[in-house]
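The chain is numbered in sequence order, starting from 1. In this text, all values refer to a predicted model and were calculated from it rather than measured experimentally.
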Amino acid sequence: MAVESEVHHESSEEYDSEEYEDDEEVLDTKHIDVEMEDVDFKTQGKERCKDAFLNFSSDYEDNEADEDNDLVDEDEEGFGSEEEINDTAGANDLDLGDAVGAGFPIHDPSVKWNKMKPLLGERYESPHQLQQCLTNYAIKSGYNIKFAKCDTVRLTAKCGSKMKSQPCPFRVHASWMTQERSFQIKTLVDEHKCVRNFNISNLLSPRWLARHFLKELIMKPNLKCKEMQSIIRTKFHCGVSWSKAYRTRCRAMTIIDGKLTEHYARVWDYCHELLRSNPGSTVQVGVTVNPNQTTYFHRMYLCFKAIKEGWKIGCRTVIDIDGSFLKGTCKGELLTAIGRDANNQVYPIAWAVVDIENKANWKWFLELLTEDLNLLDGGGFTVISDQHKGLLEATKEVLPNVEHRQCARHIYANFRKTYSGVEFKNMFWAASLSTVKSEFLRKMDDIKEVNPNAYEHLIARHPHTWCRAFFRTDVACEAVENGIAECFNAIILDARKKPLLAMFEEIRLYMMDRFYHMLQKAEKWESVVCPAAIKKMNKFGEDLRNWNVNPSGPSISEARNGLEGYVVNLQSRVCNCKLRDISGIPCVHAQCAILFTGQDPVHFISEWFNVDRFKAIYANNILPVNGRNLWPRTSYIKPLPPLARRMPGRPTLKRKRHVTESQDKYSQNKMKVIGIGRKVQCKNCLQRGHNKASCKNPNVTPEPKPKKKMGRPRLDPDISHLTRGGVRGGVRGSRGGEMGSRGGRGGNKGGAMGNIGGVVANRGGRGSKRGGRASNRGGRGSKTSVRDEGGGGAEVEGDTVENEDDTIPEKYLVHLWKSMQDLKQSGYSIEEIKNSLSLTDSRMKHLNDYNDTIEQVLPMSMEEEYPPQNETQDGVKKLSLRHNQKVKKKKALMTPRNYQYTLGL
């Protein structure tokens, strides 16, 4: 065992101000007995004692009497003179002071509490023992009593009834005997004339209740205060407050675990007992010595020989390191080093308690761990941790050649603060779980296309520490998270609420029990491979049916799924996806190739997961340790508990889960969809994350919002030519056209003048089979006038407008020309424009010839309003479209994108 001493140059005035404060601040509600040794007890009664031997009283009895002073009637304070005491004992009471004690009964404290009853002349060890007897008797009988006098010299108890009309005669008086050291009842009137109402809540003190809850709390340490209230109400027929139940629980746990000062005072004894029972273990204690020669506990490291030897025999060379907060009275950090056994389960290696998580403490912990496990400079080993700066720097100094992986969950938690959303989340984890470098670069390019700043943020976080594509292939571990260390911290959550030695003992007992049961569990396994590895292999092969094998040789084949393909070499046990190399378990491609050759994929799992290796890990268990009553006494200076570091806010017991972690069932039920991911915006500076009340930034005047244009927004010009504009794709139509309900400009359910398609015809060309020149459903002419039934145009429904000379009508020439110019600006070729507008060669020539004329006739402005149909401008007719005949006539903006669909092209 190593003894570590640190000297802090602090002034004695500062130490006194921090250590000795008011009793209300020093005493903690969880450990009310912590500072009882420093309490000054009453000495007035001792000075009045007639016998010399009565001046001696044990510290325990003084403590009991002082802590229960709340039961003393505050209205009757002070003590009488010796003459008053003698008069009280001789005149008013039965004088038993000079009697020989052989004829009087002796109180038996082993009697059950509800069977105790005070007897006249009964002898007790101390006033406190009599007080306990009277309290038990009063609680059982249901009559309240109060202690008029209760000190180290005498005890007087009366009935606690408040009925002044009929005083209750119950009275008990006791004092020390003169010829022997016994506390005897001198007066007893065991008669009550008051009402029995079980109003005894003042007698149910936390100290008395704590002794009755020892067994319950030993069997059920997580007993709730609400449950304790219910038990007290059922068992004692009296209710207590929640705060009294809480103090009862704290006092009972203090009795079970011991006082805090006793824990730290016996640190040296505990360490010597560990070294005696488990030789070869490493135990190191660090203390802080102040200039005034006061010694405080600083830190403690523990690593058992059986555990470190088991890790060297069969565990993989991967160590998860993490720190967690202590939840007890003395705050601090618990540093843990966790390994992975052959079944991929938690294997705690070493743990230490420090005052704070910083670089110095992490370096001290890693140096001891390196010495125990023979890590040297870290070559061939892997460490997984979070992003604590002190840990990162200490690892670089102590283990410069180690592969240091960072927890991807912590990386994403910081990434999510700036780049949140499901898309970023899926892309990040896809990149983190990539096993091939080319795949990782492709996933990162996807992130770069969405947001280049997000790409730069992740590249700056060293991807080789959180991406599988850069991991070593000889440790059989593909983990990108540090969840196994978080798992151990959750296992010992209750232990972290206890004092120092009680916590170390609970962790040691947990490890002993775990070693024993793991070995018993392994004896029932029939396979040569641990079940966790087989389960993970089955998970890798969920998509096995979609992969085909193309053999190239006895042990070389190619696994393909569509365009994906990977080369598998069974002889060297290598797959190009690298998942098998990283994890040591066959991937889906390797399993497909193994099954093609008629072999069992279980035989291709790495030797790190063999059952024999698992049994060798847990073969040697931790040896038993004696209880504290048999610990050897050492000559070292007893350290004091570390000074309390009061953190702002109310202390929490549960770990604060990040928003990216899965919540428990209770928090999920209470979670509201409204407000998730929402940040408040300040009305003063217009920034997010705070409100106007807490804003310290200068006032910012918001920019005026631009006026929103009336009507529906236009479609994206890059994709407008791919939509069905003539049917459902225009600008202002109720389902498509600019004014039409389902299509073109003018028709209610069709083209500019037609019903569903053509410009003029109802369902086809100019003189279609079922249409007329004037539309039947939305045209500008007659509703039922039919010119022909099949002549002049297309026989069936068509998308083009045809006339006799195969030229473009004059009134549509300008708009077709604008559509052609719009497509040219979008980068389309002449042939693509011709196909998009469905133009024949003659119409295309007509459109090109009319180019010069149309530029002179009509301006290129897209925002110009067109005159009504009957008006002309330079000989070119314009359309005046109507949205509905029942509404006012409105001028519509004609865009070139819509004319290709208006004409049914």
Side-chain angles (χ1 to χ4, degrees), residues 1-8 10 18 260 263-268 270-271 274 281-290 294-304 307-308 319-338 348-373 383 385-399 482 485-486 488-489 492-493 495-508 636 638-647 651-652 655:
M1 180 185 67
V3 178
E4 182 182 358
S5 177
E6 298 181 5
V7 179
H8 293 284
E10 300 176 359
E18 294 179 356
L260 192 63
H263 274 268
Y264 289 94
R266 303 210 64 184
V267 166
W268 303 115
Y270 176 68
C271 295
L274 292 179
S281 302
T282 303
V283 181
Q284 186 174 108
V285 177
V287 296
T288 302
V289 181
N290 285 344
T294 55
T295 304
Y296 289 93
F297 175 84
H298 184 204
R299 54 194 182 187
M300 178 177 175
Y301 172 89
L302 179 58
C303 180
F304 288 96
I307 295 179
K308 58 185 177 182
I319 304 174
D320 294 73
I321 300 178
D322 193 21
S324 58
F325 290 99
L326 299 181
K327 308 295 184 179
T329 304
C330 289
K331 306 301 180 182
E333 293 277 346
L334 179 65
L335 310 183
T336 54
I338 311 298
I349 304 172
W351 48 91
V353 171
V354 296
D355 55 347
I356 191 173
E357 188 177 1
N358 54 17
K359 179 182 176 181
N361 286 331
W362 274 120
K363 185 177 180 180
W364 168 78
F365 179 77
L366 291 177
E367 289 176 349
L368 295 174
L369 185 66
T370 302
E371 184 179 354
D372 287 335
L373 303 182
V383 170
S385 68
D386 55 12
Q387 292 183 286
H388 192 275
K389 295 182 179 179
L391 177 56
L392 297 178
E393 295 297 329
T395 306
K396 292 179 181 178
E397 296 181 7
V398 181
L399 303 170
N482 197 21
E486 300 287 351
F488 179 71
N489 293 336
I492 60 173
L493 177 61
R496 289 189 284 139
K497 300 177 184 178
K498 297 185 176 182
L500 179 69
L501 299 187
M503 180 189 67
F504 274 106
E505 278 294 277
E506 186 161 338
I507 296 176
R508 182 186 63 83
Y636 296 106
K638 297 179 180 181
L640 296 175
L643 297 178
R645 296 176 59 249
R646 177 67 179 176
M647 304 301 293
T652 58
R655 185 175 68 88

Within a strict 4.5 Å, meaning less than it, do heavy atoms of the [X] and [Y] side chains meet?
X    : Y    : result
E371 : E367 : no
E393 : W362 : no
R508 : L302 : no
F504 : V353 : yes
M300 : V283 : yes
F365 : V354 : no
V287 : Y264 : no
C303 : D372 : yes

Report the distance from atom [atom1] of [X] to atom [atom2] of [Y], rounding to the nearest 0.5 Å.
X    : Y    : atom1 : atom2 : answer
W351 : I507 : CH2   : CD1   : 6.5 Å
T282 : L373 : OG1   : CG    : 9.5 Å
M503 : K498 : CE    : NZ    : 11.0 Å
T295 : L640 : OG1   : CG    : 7.5 Å
S324 : E486 : OG    : CD    : 8.5 Å
F488 : L334 : CZ    : CG    : 7.0 Å

Practice item. Verify side chain to side chain contact (heavy atoms under 4.5 Å, CB included) between E333 and N361, making sure each step is shown before the conclusion. Key: CA-CA 10 Å; E333 293 277 346; N361 286 331; over 6 Å; no
Nearest heavy-atom pair of [X] and [Y]: which atoms, and what distance?
X    : Y    : result
K331 : L326 : CD-O, 3.8 Å
D320 : A485 : CB-CB, 4.2 Å
A350 : L369 : CB-CD1, 4.2 Å

Practice item. Please assess L335 against R299 for the test side chain to side chain contact (heavy atoms under 4.5 Å, CB included), listing each intermediate value before the final yes or no. Key: CA-CA 10 Å; L335 310 183; R299 54 194 182 187; over 6 Å; no
Practice item. Using distance alone, with no hydrogens and no angle criterion, decide if D322 and N489 have a side-chain donor and acceptor under 3.5 Å apart. Key: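 Result is yes, a qualifying pair exists.
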Review point. Would you call the rings of Y301 and W364 parallel, tilted or perpendicular if under 30° counts as parallel and over 60° as perpendicular?
Key: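 Y301 and W364: perpendicular rings.
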Practice item. Check step by step if side chain to side chain contact (heavy atoms under 4.5 Å, CB included) holds for L392 and T395. Key: CA-CA 5 Å; L392 297 178; T395 306; 5.9 Å; no
Point to revise | Candidate list D386, T336, L366, test side chain to side chain contact (heavy atoms under 4.5 Å, CB included), partner I321, passing option | key: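 Output: one option passes, namely L366.
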Practice item. Might you confirm whether atom CD of E397 has over 12 heavy atoms from other residues, nucleotides or ligands at distances under 6.0 Å? Key: yes
